[in-house]
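Just so it is clear, the values below take in all heavy atoms, side chains as well, and ignore hydrogens, waters and symmetry mates. Whatever order the structure lists ligands and atoms in, that order sets their numbers, starting from 1.
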Amino acid sequence: MIKEKLVIEYTCFNNLNALTSIQRELLLAAFNASSNAYAPYSKFQVGAAIILENGIILTANNQENAAYPCGICAERNLIHYCKSNYIDQKIQSIAISTRKNNMTRTPNAPCGLCRQVLVEAEINNRSDIELILGHPEAEIWIFNSCNDLLPLAFNSKNLNIANND
Ligand code: THU
């Protein structure tokens with residue numbers, strides 16, 4: 001028997017000041033995008049911003065629906081838009097922010113569905129996507145790779161193994 005251990009590393013910042021100017025710009029773009037979120041049911045407004053390798057910044061937010069499961073999270077909405085319109089552009093970084101800061105000052109982390117979508121986008125990207133989580137007036141966490149939030153993720157290689165059986 002072998003016991004394995006997974007270690008996740010990320011960097012925590014108390015405020016925006018120590019971020020690079022691009023990281024700061026991206027977090028602020030995500031925060032600003034959260035104000036247009038359509039979240040009348042949860043009242044939890046989330047914004048996301050992506051910077052592509054050509055420097056273009058794209059933003060989106062969560063969109064809810066009276067039939068609750070029809071809603072979509074900000075980051076998943078944005079990744080799908082990005083992969084629909086900028087197929088050849090690598091994603092450098094994604095920031096996710098919420099309109100309201102939570103009680104503990106710590107960032108809200110993406111849901112499981114979004115982690116799965118982020119990981120597949122990162123695999124297709126063929127290079128790591130930096131992940132910036134937080135609020136401009138609270139703590140900010142930076143992960144070097146989206147995979148850090150979903151180690152051992154299910155991916156297309158698993159499907160190939162299943163098909164060969
Ligand atoms: N939500 C996001 O947009 N991103 C997340 O990472 C977590 C949750 C949205 C989904 C729903 O509209 C609302 O926040 C409450 O769950």
Closest non-hydrogen protein atom to [atom], residue and atom name please, with distance?
{"atom": "atom 10 (C) of ligand 1", "answer": "C73 SG, 3.8 Å"}
{"atom": "atom 16 (O) of ligand 1", "answer": "F44 CD2, 4.6 Å"}
{"atom": "atom 4 (N) of ligand 1", "answer": "E75 OE1, 2.9 Å"}
{"atom": "atom 9 (C) of ligand 1", "answer": "N62 ND2, 3.5 Å"}
{"atom": "atom 3 (O) of ligand 1", "answer": "A74 N, 2.9 Å"}
{"atom": "atom 12 (O) of ligand 1", "answer": "E64 OE2, 2.5 Å"}

> Below 4.0 Å from any atom of ligand 1, is there a heavy atom belonging to C111?
Replying inline: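 Per 4.0 Å heavy-atom rule, C111 contacts ligand 1.
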> At a 4.0 Å cut-off, with the gap strictly under it, does some heavy atom of G71 reach an atom of ligand 1?
Replying inline: no
>> I need the contact type for Q63 against ligand 1. Using non-hydrogen atoms and a strict under-4.0 Å cut-off, is it side chain, backbone, both or neither?
In response: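 For Q63, no heavy atom sits under 4.0 Å from ligand 1.
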> How many angstroms lie between CD in Q23 and CD in E130, if you round to the nearest 0.5 Å?
Replying inline: 4.5 Å
>> Under the criterion side chain to side chain donor-acceptor pair (under 3.5 Å), I'd like the reasoning laid out for T98 against Q45: C-alpha separation, chi angles, the key distance, then a yes or no.
In response: CA-CA 6 Å; T98 50; Q45 293 182 290; over 6 Å; no
>> Ring of F31, cation from R99 - is the NZ or CZ under 6.0 Å from the centre and inside 45° of the axis?
In response: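 Output yes; distance and angle both within limits.
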> Counting only heavy atoms not in I22, do more than 12 fall under 6.0 Å of its CD1?
Replying inline: no
If you look only at distance, which donor and acceptor atoms sit under 3.5 Å apart when one is on a side chain in residues 73-87 and the other is two or more places apart or in another chain?
unit_1: N77; atom_1: ND2; unit_2: N61; atom_2: O; d: 3.0
unit_1: S84; atom_1: OG; unit_2: H80; atom_2: O; d: 2.5
unit_1: N85; atom_1: ND2; unit_2: Y81; atom_2: O; d: 2.9

> Please walk me through it: do V46 and S34 pass side chain to side chain contact (heavy atoms under 4.5 Å, CB included)?
Replying inline: CA-CA 5 Å; V46 186; S34 70; 5.6 Å; no
